[in-house]
Amino acid sequence: MTKNTISAIVPVYNEGENLMELYDRLKTTLKSISEKHQIIFVNDGSKDDSLIKILSIAEEDSKVFYLNLSRNFGHQIAVSAGLEYCDAECTVIIDADLQDPPELIEQLYKKHKEGYDVVYAKRKKREGESFLKKLTAKFYYRLLKRWVSFDIPLDAGDFRLISRKVVGAINKMPEQNKFLRAQIAWLGFKQTHVLFDRETRKHGKSGYSYGKMLRLAFDGITGFSDKPLLFVSRLGFLISIFSFLLIIYAVFSHYILKVTITGWTSLLISTAFIGGIQLLSIGVIGEYISRINSNVKGRPLYILDSTNIPSEEDKKA
Ligand code: UDP
Ligand code: MG
């Protein structure tokens with residue numbers, strides 16, 4: 001592959017109906033920036049005709065590349081795969097469902113030219129997303145911001161432009177549980193943003209189930225903060241002090257005052273309370289352990305089924 005000015009990575013999961021319009025608009029924008037551009041579609045195990053559409057686009061346009069993953073690995077991994085293969089001065093990560101307007105890339109690029117390594121697209125408005133999703137997202141990112149030791153942008157997804165330097169640094173981060181927006185924030189460099197209104201998705205439905213979203217949320221917290229572990233250990237400490245005082249009181253009241261409280265209710269409540277706290281704490285520790293487990297196994301992040309990007313060996317041959 002030749003060195004390009006700009007590269008776009010598009011993760012694709014069941015986006016057959018959106019791909020043509022996305023390609024047309026993305027192509028026009030990239031072309032207006034430079035003839036030296038590339039588009040990398042990462043097909044993340046789509047069950048519809050996305051792959052066929054991508055193949056036909058790539059057939060017509062030699063600047064279009066694809067990575068076809070062997071199954072659905074998830075959005076963050078699909079983007080991470082694209083980052084490993086892109087080859088350009090700067091790279092844009094953009095969703096395939098047209099919620100991120102491709103035309104905004106011109107503004108992102110302009111900021112990059114002013115000397116910024118990360119230009120993220122900050123949402124002014126979020127159309128067509130449920131009240132619950134917006135509320136939980138708002139709460140979550142404000143919590144995360146308080147818990148991490150670096151500056152994490154609020155109201156921004158993965159739609160952003162990053163320089164070659166940033167791509168190189170991301171590719172060196174070995175974690176299995178990817179949370180790119182925080183990883184990029186963690187890296188530092190010169191960062192800025194451009195405001196935009198996020199539209200509703202054009203066709204199809206969101207590939208992010210509540211399960212996937214919850215997982216991503218936990219990945220974000222466990223990957224960048226030890227606060228939950230500190231919280232449960234402190235909670236344990238406080239409850240121990242309280243219990244100790246209660247024991248002294250119970251012994252005193254039984255042997256000295258000779259009053260024993262017939263306390264079925266208080267016994268039940270305290271047992272249930274302690275039981276709940278214990279399970280919660282074990283759960284928190286479990287979240288961290290399961291991530292240690294997946295990182296220790298060190299499996300490849302994804303498996304590639306097919307691609308039209310020549311490997312280093314191909315190039316040498
Ligand atoms: N996506 C993916 N793998 C998945 C889920 C989503 O590659 O398992 C892609 C999807 O095709 C889209 C982007 O990631 O290009 C964002 O997904 P989606 O629009 O479903 O998320 P939302 O905007 O609802 O948060
Ligand atoms: Mg979307």
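For ligands, and for the atoms within them, numbers begin at 1 and follow the listed sequence.
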Exercise for the section: State whether the number of non-hydrogen atoms from other residues, nucleotides or ligands found under 6.0 Å of Lys145 atom NZ is greater than 12. Expected result: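 For Lys145, atom NZ is crowded (more than 12 foreign heavy atoms under 6.0 Å).
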
Problem - Note: Asp197-Arg123 ion pair, threshold 4.0 Å (strictly below) - result: no

Handout entry: Electrostatic pair Lys190-Asp117, nearest N-O below 4.0 angstrom
Key = no

Handout entry: Asp219 side chain to Asn177 backbone, donor-acceptor under 3.5 Å
Key = no

Handout entry: Closest approach of Asn308 to Ala58 (non-hydrogen atoms, all atoms of both residues)
Key = ND2-CB, 4.0 Å

Practice task
Please say whether the positively charged group of Lys212, taken as NZ for Lys or CZ for Arg, lies over the ring of Tyr13, i.e. under 6.0 angstrom from the six-membered ring centre and within 45 degrees of the axis.
Solution key: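 Checked: cation-pi criterion met.
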
Practice task
Measure from NZ or CZ of Arg71 to the centre of the six-membered ring of Phe73 and say whether it is under 6.0 Å with the direction within 45° of the ring axis.
Solution key: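 Arg71 over Phe73 ring: yes.
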
Problem - Residues in the immediate environment of ligand 1 (any heavy atom closer than 4.0 angstrom) - result: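 Lining ligand 1: Pro11, Val12, Tyr13, Glu15, Asp44, Asn72, Gly74, His75, Asp95, Ala96, Asp97, Gln99, Lys133, Arg198, Arg201, Ser206, Gly207, Tyr208, Lys212.
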
Completion exercise
Excluding water, the protein N, O or S atoms sitting under 2.8 Å from the Mg ion (ligand 2) are Asp97 OD2, Gln99 OE1

Exercise for the section: Decide whether Asn18 and Asp97 meet the rule of one side-chain donor and one side-chain acceptor closer than 3.5 Å. Expected result: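 Judged by distance alone, the side chains do not pair up.
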
Exercise for the section: May I ask you to check whether Tyr116 and Phe189 place their ring centers less than 6.0 Å from one another? Expected result: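 No; Phe189 has its ring centre 6.0 Å or more from that of Tyr116.
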
